[in-house]
Every structure is written in C-alpha cells, then in structure tokens.
Enquirer: 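I have a structure I would like to understand better, so I am pasting it below and will then ask my questions one at a time.
Values below: every heavy atom of this structure, side chains too, minus hydrogens, waters and symmetry copies.
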2 protein chains.
Amino acid sequence: MTTIRDVAQLAGVSTATVSHVLNDTRVVSDDLRGRVVAAMVKLNYRPNAVARSLRVSETLTIGLIVPDVELPFFARYARDIEMAASEVGYNVILCNSNWALANELRYLDHLLARRVDGLICISVSMTPEHIAPILRRNAPVVWLEEGRIGHNADAIILDNQRGAYDAASHLIERGHRRIGCITGPTVAQLTGDRISGFQHALCDAGLTHDERLTRVGAYDAESGYRLAGELLDLDEPPTALFAFNDIMAIGALRAAHERGLRVGRHLGIIGFDGIGLTAHASPPLSTIEQPTRAMSEAAIAVLLERVNGQHRGESRTLRFQARLVARESTLGA
Amino acid sequence: MTTIRDVAQLAGVSTATVSHVLNDTRVVSDDLRGRVVAAMVKLNYRPNAVARSLRVSETLTIGLIVPDVELPFFARYARDIEMAASEVGYNVILCNSNWALANELRYLDHLLARRVDGLICISVSMTPEHIAPILRRNAPVVWLEEGRIGHNADAIILDNQRGAYDAASHLIERGHRRIGCITGPTVAQLTGDRISGFQHALCDAGLTHDERLTRVGAYDAESGYRLAGELLDLDEPPTALFAFNDIMAIGALRAAHERGLRVGRHLGIIGFDGIGLTAHASPPLSTIEQPTRAMSEAAIAVLLERVNGQHRGESRTLRFQARLVARESTLGA
DNA sequence: GCATTGCGGTTAAACGATTACTTACCTCGG
DNA sequence: CCGAGGTAAGTAATCGTTTAACCGCAATGC
C-alpha cells in the first residue's frame with residue numbers, strides 16, 4: 001500500500017510538504033504542489049485514515065446504538081442520522097442492541113476502543129452510569145428519543161405529552177367518546193409521557209377515561225393486532241383506538257379488518273411516529289409524525305458542538321414538536 | 001487517556017508484557033500477570049483499537065453500502081449483517097447511498113481510507129470497475145442481492161427466477177388466469193430474472209401473458225398503489241397481482257381496498273421479500289420470503305474467508321432459495 | 001548595512017499499540 | 001565444568017500520519 005513517504009520520494013519533497021498539500025494547511029509553491037499531486041495520482045495514493053486518527057486522536061466516526069434497526073421507526077433514524085453525519089464528513093458505526101442491555105454494554109466497550117468521536121443512543125435500558133466511562137474519555141453522548149433523569153449528556157427528545165394530547169384531541173374532535181389506548185411498555189419514560197398527554201386531553205374534553213380501554217403493548221405489530229382485538233371484542237368497545245406507535249396501529253388495522261369494521265367510519269385509528277408506510281396503509285393511517293430528520297440533524301449538531309469544544313458544561317435537552325397528520329383512518333363517522 | 005505504557009509503568013513491567021497479557025500471545029508468569037491486570041483495572045485501561053489497527057493493518061471493520069436503509073427490506077439486511085458481523089467481532093460502518101452512484105463512490109473512497117477489512121454492497125449502479133481500487137488494496141467485496149456480470153468479487157444472491165416462478169405458480173394454483181405483474185425498474189438484473197421466472201410459470205401452465213397486465217414499478221409503496229390501480233381499472237382487470245416486492249404489494253392492497261375488493265377472495269395479491277410487516281397487513285400478505293439471515297451470514301462468512309486468506313482466486317456466487325409463504329391475500333376464490 | 005520578518009521548505013518526534021530480536025537466567029547431560 | 005536448550009522477560013523498531021521546531025533565504029524597515 002503506498003504511503004505518504006512514497007509520494008514524497010517520487011515528488012522529491014519531504015513528507016511534511018505532502019501532508020500540507022493534502023490538507024491545505026500551509027502554502028506550498030505551485031511547482032512543488034504540482035509535483036506532489038502528480039505523484040499522488042501516479043501512485044494512486046489514498047491517505048490512511050487510521051494513521052491520521054492515531055496522530056490527531058480524532059476518528060471522524062460516531063457510534064449509533066439502536067434497539068432494532070429492522071423496525072421502520074429506527075430504520076428511519078438510522079438513515080437520517082447517517083445522512084446528517086455523512087454531510088459533515090463523519091461515518092457511522094451501526095450497533096443493533098436487540099433491546100438487550102448486555103449488548104449495549106458490549107458495544108459501548110467496542111466504541112470506546114475504537115475511539116469514536118461521539119455516540120448517539122436510542123435505548124431504554126442504559127443509564128447515566130453506563131455511559132460515564134465514555135464521557136470520561138471525552139466522547140460526548142446524545143440521548144435520542146428517550147431522555148434520562150439526572151442525565152449527564154445532551155438529549156434530543158420529542159414532546160410526547162403534547163403529541164399524545166394532539167392525537168387524543170383529534171379523535172375527540174372527530175366525535176369519539178370511547179377511546180381505546182394501546183400503550184407501550186411502561187419502562188420507557190416516553191410511554192408515561194404519552195399516557196399523561198392522552199389522559200390530559202380526555203380530561204380537558206370533560207371525558208373520563210375507562211381504564212378497561214387501556215392495554216399495554218410491546219411496540220410491535222403482533223401486540224397491536226392482539227390488543228386491538230381484545231378491545232374491539234369488549235361488550236362496550238371503543239369507537240376509536242390510539243396506538244402508541246404506527247406498527248401497533250397497523251396491527252390494529254388488521255384486527256379491525258378481520259371484524260369487518262370500516263376503519264375511518266366505524267372505527268377511528270391513529271398511530272404515532274409517522275413512518276412512511278402509514279401513508280399507504282389501508283386505509284391511510286392518521287398519525288403523529290415525529291420530525292426525525294430535524295431531530296437527527298440536531299443530534300449531530302449538538303454532538304459536534306461538544307466534540308469541537310464549542311459547548312461545554314451543563315447538558316441540554318432539546319424538545320421537538322410532533323405534527324398531526326390526519327388521514328382516512330380518522331375520517332369520523 | 002491511559003496507554004499501555006502507563007499500565008506497564010505502574011505494574012513495573014515492559015509494554016511487551018502488557019501486550020502479551022492483553023492478547024494471550026505469550027506465557028506470562030502469574031506474578032506479573034496479576035500485577036498487570038491490577039494496573040489495568042486501577043487505571044481503567046482500554047486498549048486503543050486505532051493504534052492496534054495501524055500496527056497490524058486490520059481494522060475489524062466492514063463497510064455496508066445499501067440504497068436506503070429506511071426501506072424495510074434493506075433495514076432487515078442492515079440488522080442481519082450487523083448481527084452476523086458483531087458475532088465474529090466486527091463492526092459495521094453503515095453507508096446509505098440514497099440510490100446515487102455518486103454517493104456510493106464517495107463512500108468507497110471513505111471506506112478505503114478507513115482501511116475497512118471488507119465491504120458488502122447492495123447496489124444497482126456500481127460496476128466491477130468501481131470496486132477495482134478496493135480489491136487492489138486487498139479488501140474483499142461481496143455483492144449482495146444483485147450479482148454482476150463479469151464480477152470480480154463474490155456474490156450472494158437469490159434465485160430470483162425460481163422465486164418468481166413459485167409466486168406465479170401459487171397464484172395459478174389458486175385458480176387465477178389473468179395475473180397482473182408489477183415489476184421493478186429493469187436496470188436491476190434481479191428484475192429481469194423475476195420477469196423471466198414469472199413468464200416461465202405462465203408458460204408452463206399453458207397460459208399466455210397479456211402484456212397489458214405488466215407495469216414497471218419503482219419498488220416503493222406509491223408506485224404499487226398507483227400501478228395496481230391502473231391494472232384494476234382495466235376493462236378486463238386481472239384477478240391476481242404479483243408485485244416484485246412487499247412494499248409495492250402493500251400499496252396494491254390499498255388500491256384494492258379503495259375499490260372495495262376483498263383481497264384474498266376477489267383478488268389475489270402476492271409480494272416478494274418477506275418483510276416483517278407482511279404478516280400483519282390487512283389481510284396478511286402472501287410473499288416469497290428471502291432467507292436474509294442466512295444470506296447475511298453467508299456474506300460475512302465468504303468475506304472473512306477472503307480476509308483470512310482461506311480462499312483465494314476465482315470469485316464464487318452463492319445462490320439461495322426463497323420460500324413461498326402463503327397467507328390470506330391469496331386464499332383463492 | 002544590519003536586524004527583523006515572512007516565506008517555503010525539511011527534520012524528526014510523537015500518537016499507542018505489536019512483535020522480531022535479544023538477554024538473563026536456569027537446568028541438565030556428558 | 002561447560003555448552004545446549006528452554007523459559008520468561010525486556011528493547012526497540014515499526015505501522016503512516018501530523019506538526020512543532022528549525023533552517024535558509026530574500027525582502028523589508030530604519
């Protein structure tokens with residue numbers, strides 16, 4: 001593999017000059033610059049980023065830990081984060097934790113060894129203590145989606161309470177009085193916030209929530225399907241369902257279809273997240289759309305501000321607003 | 001940041017000994033080993049993978065280039081590849097090309113600079129010439145999904161012809177005679193193979209394909225929706241649709257629903273790929289399931305065989321068989 | 001005419017690991 | 001007693017960059 005030394009030799013200059021030509025870090029006479037460039041193309045030289053990283057202790061790499069990139073919502077984040085990162089010259093190491101803390105810790109160790117410049121985490125099980133070793137090594141961390149109490153790192157989160165409030169209000173506005181709710185596991189903070197927002201909306205509308213209409217889902221299609229079925233089979237079934245993510249809402253759609261219910265007229269369904277498929281569900285699914293693109297860009301921006309030392313000290317939390325996207329699944333009776 | 005030298009100093013040994021303790025590459029007396037380990041925990045030492053990579057010229061990193069990881073099918077591959085890689089101690093750099101050759105080339109350059117040990121590509125636009133520089137640097141490449149004519153690298157592909165044949169045969173077996181076909185862009189080789197398999201099945205069943213029943217889609221939900229609509233609005237509409245991927249099939253489901261067609265009875269629909277959501281579509285969608293897990297593991301295995309020099313010389317192509325998963329969307333009339 | 005300043009270049013020391021080579025010591029057979 | 005061989009350690013070169021320090025030399029200022 002050809003090195004900077006080979007180039008220097010062929011061009012008849014020192015390695016320092018080659019390096020300066022490479023990085024535009026000092027004026028080099030046109031003569032030498034020309035010879036260096038010529039030598040580089042002739043030898044088909046590609047700088048070794050590993051060596052550079054060792055020298056400048058900066059890898060231009062960030063780690064991304066997600067629970068399961070196969071799920072559309074996380075897949076979207078993976079794409080958005082990767083694009084935002086690559087736009088500013090960073091590469092992304094993808095880490096799929098499979099929802100397991102043990103895997104997350106293993107990845108933390110790897111990423112630490114790899115000397116990533118920073119780390120973005122979507123996780124429900126990691127705590128501030130777990131990332132403390134990372135921070136101690138001066139690699140900033142950004143929590144995405146799920147903030148942390150007493151967090152020692154920046155966080156990019158959604159206003160889940162408001163989002164859920166809007167979802168419920170939308171259903172109420174469409175004339176629904178009995179609203180079923182398929183939540184997620186309550187270990188996640190964001191689940192609690194959504195529950196709170198949901199109940200708040202009912203309360204503000206003068207409705208009282210029937211506890212029998214709440215089910216705890218697992219953020220997957222199967223539980224959405226099963227729990228929606230349970231709710232629809234009640235003696236007094238709800239006229240609308242609010243699923244805490246789109247995947248469960250899609251499962252709910254299926255439960256409704258199987259019962260011959262016309263979604264949108266007989267039954268309102270709204271999801272959460274705003275994944276691409278909602279637009280082409282049958283019928284198109286109303287949802288609370290998260291601005292993942294903006295949130296990803298914010299995550300990268302916040303991270304790099306730390307990396308570049310532009311921001312030190314107390315950790316910040318940026319809260320984004322979701323947007324109601326009303327589609328046929330909540331047309332109203 | 002604490003280095004191997006700090007550990008050596010605290011333990012009162014040479015860096016060589018620390019390294020050997022670290023890697024179990026030479027016998028070290030229990031006495032010294034104990035002191036070294038103690039020093040490592042006391043200093044909270046983490047080896048620097050960057051320095052190691054420079055020295056041994058091996059990064060334990062592979063690159064993964066995909067067109068768009070937000071699409072469920074690629075997301076699944078991202079997960080499967082990442083898991084297979086991490087199981088053998090490799091990290092994955094995710095590269096989202098956004099279907100653009102220019103981006104792919106940019107990534108190739110980055111990955112080359114990063115000295116990844118190998119590269120897995122899902123791409124329709126890259127050619128053997130594009131990856132030649134990578135191969136020249138001794139980093140093996142594996143084509144995934146889409147093989148290449150005159151390829152200079154190993155390929156893991158599906159038997160698309162057989163898969164499409166099975167899909168069409170399944171519809172025929174369910175009593176369908178007029179079958180609409182929503183293909184993908186014909187730049188992709190796999191599209192051609194699927195078309196061929198589809199026609200072969202019709203032929204074997206003694207049917208002739210009505211060319212008016214073929215539409216060229218873009219592998220996204222919108223085109224599936226639109227083109228299925230066109231087909232269903234024909235004077236002599238097909239009684240079944242074969243979409244070349246599940247996303248388009250889901251779009252087709254919507255078109256059918258809008259027209260009040262009962263999918264499974266009035267209209268058969270089958271997709272391709274076997275993404276998770278097919279199981280919970282309304283109704284559950286029949287599909288041709290790709291063994292992405294096995295293919296991912298094969299991709300990693302083949303790649304590492306090259307990395308470790310266990311296989312040299314001519315490039316291999318591994319062809320996998322898809323599996324028909326019959327669900328309600330093709331119940332039959 | 002002499003000190004100062006810029007300019008354009010080189011030299012060589014890092015960065016943090018791995019590892020070929022060397023060394024010191026011990027044992028054992030002849 | 002001596003040399004061969006084995007064991008357990010250390011020394012220092014090396015990987016491919018970046019960059020602080022240095023060095024001539026010409027121009028500039030006074």
Side-chain angles (χ1 to χ4, degrees), chain A residues 1-37 39-40 43-61 89 109-110 112-117 137-139, chain B residues 1-37 39-40 43-61 89 109-110 112-117 137-139:
Chain A
M1 188 104 40
T2 111
T3 78
I4 203 173
R5 218 178 306 271
D6 302 324
V7 174
Q9 191 163 10
L10 181 59
V13 300
S14 72
T15 62
T17 300
V18 177
S19 176
H20 286 128
V21 167
L22 214 51
N23 305 313
D24 252 331
T25 166
R26 194 166 74 177
V27 276
V28 174
S29 68
D30 287 348
D31 172 32
L32 291 199
R33 172 182 299 276
R35 277 161 43 201
V36 167
V37 171
M40 292 200 299
L43 296 175
N44 191 23
Y45 169 72
R46 293 289 126 179
N48 184 329
V50 176
R52 177 176 193 285
S53 291
L54 176 59
R55 177 59 224 246
V56 305
S57 55
E58 157 190 80
T59 53
L60 297 179
T61 303
D109 222 48
H110 277 194
L112 196 53
R114 284 251 142 79
R115 300 298 193 262
V116 293
D117 292 340
R137 309 256 171 186
N138 250 355
Chain B
M1 190 102 40
T2 111
T3 77
I4 203 173
R5 219 177 306 271
D6 301 324
V7 174
Q9 191 163 9
L10 181 60
V13 300
S14 72
T15 63
T17 300
V18 177
S19 174
H20 285 126
V21 168
L22 215 49
N23 305 314
D24 253 330
T25 166
R26 186 164 84 178
V27 276
V28 174
S29 69
D30 287 347
D31 173 31
L32 290 200
R33 173 182 299 276
R35 276 160 45 200
V36 167
V37 170
M40 292 201 297
L43 296 175
N44 192 23
Y45 170 73
R46 293 289 127 182
N48 184 329
V50 176
R52 177 177 192 286
S53 292
L54 176 59
R55 179 58 225 251
V56 305
S57 55
E58 157 189 82
T59 54
L60 298 179
T61 303
D109 221 48
H110 277 193
L112 196 53
R114 284 253 142 77
R115 300 297 193 263
V116 293
D117 291 341
R137 309 255 172 186
N138 250 355

Enquirer: Tell me what B:Val50 touches on the nucleic acid: a base, only sugar-phosphate, or nothing, going by heavy atoms under 4.0 Å.
Expert: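 Counting heavy atoms under 4.0 Å across all strands, no contact is made by B:Val50.
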Enquirer: For C:dT10, does either OP1 or OP2 sit under 4.0 Å from a side-chain N or O belonging to A:Ser14?
Expert: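 Affirmative; the distance criterion is met.
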Enquirer: CG of B:Leu54 versus P of D:dT14: gap in Å, rounded?
Expert: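 The answer, rounded to whole Å, is 14 Å.
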Enquirer: Would you mind classifying the nucleic acid contact of A:Thr17 as base, sugar-phosphate or nothing, using non-hydrogen atoms under 4.0 angstrom?
Expert: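 Counting heavy atoms under 4.0 Å across all strands, the contact made by A:Thr17 includes a base.
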Enquirer: Checking the side chain of A:Arg46 only, and the main-chain atoms of B:Ala113 only, is there a donor and an acceptor separated by less than 3.5 Å?
Expert: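 Absent.
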Enquirer: On the side chain of A:Arg26, is there an atom forming a donor-acceptor pair with the base of C:dG9 - under 3.5 Å, no angle test?
Expert: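 Result: at least one qualifying N/O pair found.
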Enquirer: Hey, is the side chain of A:Ser29 poking within less than 4.0 Å of OP1 or OP2 on C:dG9, counting only N and O atoms?
Expert: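 Yes.
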Enquirer: Can you see which heavy atom on A:Val116 is nearest to which on A:Ala139, and at what distance?
Expert: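 Heavy atoms of A:Val116 and A:Ala139 come nearest at O-CB, 3.8 Å.
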Enquirer: When you get a sec, tell me which of D:dC15, D:dG10, D:dT19 is the closest nucleotide to the side chain of B:Val13?
Expert: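 The listed nucleotide nearest to B:Val13's side chain is D:dG10.
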Enquirer: Any idea which of C:dG16, D:dT19, C:dT19 is nearest the A:His20 side chain?
Expert: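 Out of C:dG16, D:dT19, C:dT19, the nucleotide with an atom closest to A:His20's side chain is D:dT19.
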Enquirer: Once rounded to the nearest 0.5 Å, what's the spacing between atom CD of A:Gln9 and atom OG1 of A:Thr15?
Expert: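 Spacing of CD (A:Gln9) from OG1 (A:Thr15) equals 11.5 Å.
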Enquirer: For the residue pair A:Arg137 and B:Thr2, what are the closest heavy atoms and their distance?
Expert: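 Looking at all heavy atoms of both residues, the shortest contact is NH1-N, 4.4 Å.
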Enquirer: Using a 4.0 Å heavy-atom cut-off, does A:Ser57 contact any base of the nucleic acid, only the sugar-phosphate backbone, or nothing at all?
Expert: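 The answer is nothing, as A:Ser57 stays clear of every strand by at least 4.0 Å.
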Enquirer: Among C:dG8, C:dA17, D:dT19, which nucleotide sits nearest the side chain of A:Val27?
Expert: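 Of all the options, the side chain of A:Val27 is nearest to C:dG8.
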Enquirer: Base, sugar-phosphate alone, or nothing: which one does A:Thr15 contact when heavy atoms must sit under 4.0 Å apart?
Expert: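 It contacts base atoms.
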Enquirer: Give a yes/no on whether any side-chain N or O of B:Arg55 is located under 4.0 angstrom from OP1 or OP2 of D:dT14.
Expert: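 Negative; the distance criterion is not met.
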Enquirer: Has B:Asn48 got a side-chain N or O lying under 4.0 Å from the OP1 or OP2 atom of C:dC15?
Expert: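 So the side-chain polar atoms of B:Asn48 never come under 4.0 Å of the phosphate oxygens OP1 or OP2 of C:dC15.
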